[in-house]
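Shown next, in structure tokens, is the structure this report addresses.
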Amino acid sequence: MSYQKLVCELKRFHHLNSALDLLGWDEQVNLPQKSAESRAAQSAALADLIHRESIHPQIGSWLNALEQDSLPPAQRCVVTEARRDYDRAVNIPSEFVARRAKQQSQAYHAWVDARNNDDFVAFAPFLKQQIELAREEAAFFDLNDLQAYDYHIDKNDPGMTATVIGNLFDALKDEVVPLVKQILDSTVKPDLSMFKGFSITKQETFLNRVIQTLGFDFDRGRIDVAVHPFCSGNGADTRLTTRYFADNPLDSLFSAIHETGHGLYEQGLPLEHLGTGLGTAAGMSVHESQSRLWENQVGRSRSFWDYWEPLYREAFPDQLSGVTSEQLYLAINAVSRNPIRVDSDEVTYNLHIILRFELEMRLFSGELNIEDLPVAWNDTAEKILGVRPVNDSEGVLQDVHWATGAFGYFPSYSLGNMLAAQLWYAALDEMPGMESDFSTGDFTRLLNWLREKVHHQGRRYGLMELAKEATGHELSCDALIRYLKERYLPLYQPQAS
Ligand code: ZN
């Protein structure tokens, strides 16, 4: 009986949380300029209500009782996840939650100003405060400063630690640094001058067709415009966003495909289990593996473009009239040394993540002081990315994450890349010729495979177990390195004339 009661209550929390999500989506997509204060108050009131309900001692009693029972694995997963959420809610005092929300909002606005004014010194005290908050939060679980970083990593990817990530990233760095050099030393250079004056309306029509063809269910989701692309909501109502630039149509398209990958995952989680561990995504890295697999392995493949190129040319005949298929494909897979993470390609992207991970480790261990962070950032960027930011706005101030207290979050982007490549090869092994389906605009075999191996599993497995279960191999950078070499080395190989 306790189990049914617990599930019923978890589903009620899910409905409340999804209403809060929807308010957040609306804030990014529709909110009138002067309504921000009212929205902040609505969101805070609802968040407070959810928090108070979620620490009800009755839930603790149900969990205690259920933990004594021998439950089937599916129910065990629901109880374990509910326990995790309950302990977080109970151990973190409301006073701290309110203070953190307030200080994060202040830090966010300080970051916006600091980035606009290229003024790290003005932002430094806010960043220091965010790290203190992160340590304070870990201390509620009796974790010391050295364990605090692991705590925040675990929030994004249950079971993951800095040591494991460090080993994976060291191996990745050893391979990617020389690979980038090899690609950029090539005499083959992509030409991006074709991307000018792409009609926004036509981009939108094209992109909607792509998303629908990939399998996104528009009867249970939609796509709108926002400054920063994101996916929110859940499988019952999935909200995607992208943005449009007339002179950078690939940004809109690949942002939309990326968010569609997140959306397909949400739509593939079992609807009947929404709100419980069985209907919840496995963690940030697994989520990111889905967005990146569709964006990169699929969206940047030749077979994908075999199908879409004629339609792209039909939509933008003038811009693409003198462009060969090979030139278009190379432009889609352009590699460059860019100091800005969000503008970088999939080969150099991982180096941006390794840089942030290494600095986060040093900040949390106390080895690196906030005041020394900008120089440490620039030195590391020069060393591993091969480009030194000319100022802090394109260096340490470029990302919003730290201003909002999101520590231990960056690694999930590269862990997701590793898992994406590993899933890709596992799918190809099981379904030889799957890639040629794409040439006819058919993506169902891949989607169904992901549904079975990843989406339907909910939170039964953490990142490491899921990699093993779905691909038969431990998570490593091997598949990612293989994929990057197979895709990029032939492309940047000068043709004998
Ligand atoms: Zn993403």
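Counting starts at 1 for both ligands and their atoms, following the listed order.
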Could you give the side-chain donor-acceptor pairs of residues 384-392 under 3.5 Å, partners two or more places apart or in another chain?
from: Arg388; atom 1: NH1; to: Asp379; atom 2: OD1; distance (Å): 2.9
from: Arg388; atom 1: NH1; to: Glu382; atom 2: OE1; distance (Å): 2.7
from: Arg388; atom 1: NH2; to: Asp379; atom 2: OD1; distance (Å): 3.0
from: Asn391; atom 1: OD1; to: Ser393; atom 2: N; distance (Å): 3.1
from: Asn391; atom 1: OD1; to: Glu394; atom 2: N; distance (Å): 2.9

(message) Between Tyr244 and Glu204, do the side chains contain a donor N or O and an acceptor N or O under 3.5 Å apart?
(response) no
(message) If only side-chain N and O atoms count, and only distance matters, is there a donor-acceptor pair under 3.5 Å linking Thr348 with Asp345?
(response) yes
(message) Restricting to N, O or S, what is the name of the atom of His258 that lies nearest the Zn ion (ligand 1)?
(response) NE2
Answer yes or no for [X]: is there an N/O/S atom below the 2.8 Å cut-off from the Zn ion (ligand 1)?
X	result
Glu259	no
Cys231	no
His262	yes

(request) Answer yes or no: is there a donor N or O on one side and an acceptor on the other, between the side chain of Asp154 and the main chain of Gly159, under 3.5 Å? (result) yes
